[in-house]
Amino acid sequence: MPRKNHRGTACLGALLAGATVFGGPLAAPASAASASDSSTGKAVLPVSAFKGVNWADPRDNYADDAVVPSGLSTSDSYATTYAKSRAIIGGFAKLGANTVRLPVNPPSVNGPFWKSYRGAIDAATAQGFKVILGYWEADNAKDGKIDDQAAWDRMWARITSSYAGNSKVYFEPMNEPFGYTSQEWRDVAARWVKTHRFVPRDRILVGGIKYSEDVKPVCADSRLNGTRIALHNYGFWHTDWTSVDQWKADFKERIGTCASRTILDEFGASMTTDLDYNGPVAGSSEVAYIQAATDTIRELGLGSVYWPGLRNGDTYSLTTLQGTGTRLSLKVNNQSGLDRLHWAWKQ
């Protein structure tokens, strides 16, 4: 999101000391009961089964070249990318997560990096993780629209041809389509669904309108029936709100009656500034916001993907990357923030 200036201002030297989460062998993620799609009779996972984190490029996923999640490199081979990713995903699993959201863009998929980048996706799915692949526009654009339609089409054709058959991979056609009107965006999303009709609808996440901030228009569009819907919400949108109840009301207004389809796949707050998210609000809009977000996730049974689980240099990052080469581990930056995620995830 272009407004997330906080993401580029963090200093790793200011990170809190915290518990260490080591990469390595994984326990299987907790399973969730399946629901039934009334239109098809097919069993699908409820959105509450998505308990995840974003793994982001230090540039906030807006890149003119290939997007590269923190800790990876375009110079790495597939094997090295897989090994690094196995360690990092192992760290996410020890946080209690079972889902990771990864960025894609045309340079990362249509170019040579795709051969290596697939190692991150494959390492995650091999360890039982659900993987959400979301398109981000270039840094030199940031107008909330698809940068190059032909390149975007080629990107999605390549991704879906590789992963439509993998039930653990999910597809988010665009991150925060704020440059489109509601009708325009729903038309774009409906075309994507029609073009990729071989992708099961329950494995498609359509962002809400504007900054993915309101899911109701997407939820009401019959052309998008059966898809999941991605919601974004951040505390810095209203820094003067210090009431948990006010934040809860705001979340629920953005969701309407669509909770059963909604995954909050971006939400976050400062994790490197010593805030206590378990304590009293004490006039902090961030504490009020995180408590409201995690309460709402738990109450409504939403899916949720915290921003970010890992992004180098981001004050919101839940963890810090440690180690070298493929011997990587994650250090938790704020235990109370992780506690609130466990509350949301009923862990």
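Since this is a predicted model, take the numbers as computed values, not measurements. Values below: every heavy atom of this structure, side chains too, minus hydrogens, waters and symmetry copies.
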Is there a donor-acceptor contact under 3.5 Å from the side chain of [X] to the main chain of [Y]?
X: Asn105; Y: Asp65; answer: yes
X: Ser285; Y: Thr239; answer: yes
X: Thr125; Y: Asp122; answer: yes
X: Lys84; Y: Gly71; answer: yes
X: Asn98; Y: Lys51; answer: yes

Quick test of your reading of the model: are [X] and [Y] salt-bridged, counting only N-O distances below 4.0 Å?
X: Asp187; Y: Arg191; value: no
X: Asp265; Y: Arg101; value: yes
X: Glu299; Y: Lys252; value: yes

> Is Lys115 close enough and on-axis enough to Tyr78, meaning under 6.0 Å and within 45°, for cation-pi?
Replying inline: no

Within 6.0 angstrom of [X] [atom1], more than 12 heavy atoms from elsewhere:
X: Trp241; atom1: CH2; answer: yes
X: Arg327; atom1: CZ; answer: no
X: Lys216; atom1: NZ; answer: yes

> Quick one: side chain to side chain donor-acceptor pair (under 3.5 Å) partners of Gln291, sequence neighbours excluded?
Replying inline: none

>> Here's a test for you: under side chain to side chain donor-acceptor pair (under 3.5 Å), which of Thr320, Thr319, Thr272 qualifies with Asn333?
In response: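 Exactly one candidate clears the test, Thr320.
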
Relative to each other, are the rings of [X] and [Y] parallel, tilted or perpendicular (30° and 60° limits)?
X: Tyr211; Y: Phe178; value: parallel
X: Phe198; Y: His196; value: perpendicular
X: Tyr117; Y: Phe113; value: parallel
X: Tyr289; Y: Trp247; value: perpendicular

>> Applying side-chain contact (heavy atoms from CB on, under 4.5 Å), can you list everything that pairs with Ala83, at least two apart in sequence or on another chain?
In response: Thr326

>> Walk me through whether Ser70 and Trp55 qualify under side-chain hydrogen bond (donor to acceptor under 3.5 Å, both in side chains).
In response: CA-CA 7 Å; Ser70 298; Trp55 181 10; 5.2 Å; no

>> Show me the pairs that pass ring-ring contact (aromatic ring centres under 6.0 Å, His included) and involve residues 259-282, at least two apart or across chains.
In response: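 Passing the test, one end in residues 259-282: Phe267-Tyr306.
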
> Taking side chain as C-beta onward, heavy atoms only, is Glu137 less than 4.5 Å from Lys145?
Replying inline: no

> How many angstroms lie between CG in Asp339 and CD in Gln347, if you round to the nearest 0.5 Å?
Replying inline: 11.5 Å

>> Checking Asp295 against Trp343 for the side-chain hydrogen bond (donor to acceptor under 3.5 Å, both in side chains) test, could you report, in this order, the C-alpha distance in whole Å, the side-chain angles of both residues, the deciding distance, and whether it holds?
In response: CA-CA 8 Å; Asp295 282 353; Trp343 169 255; 2.9 Å; yes

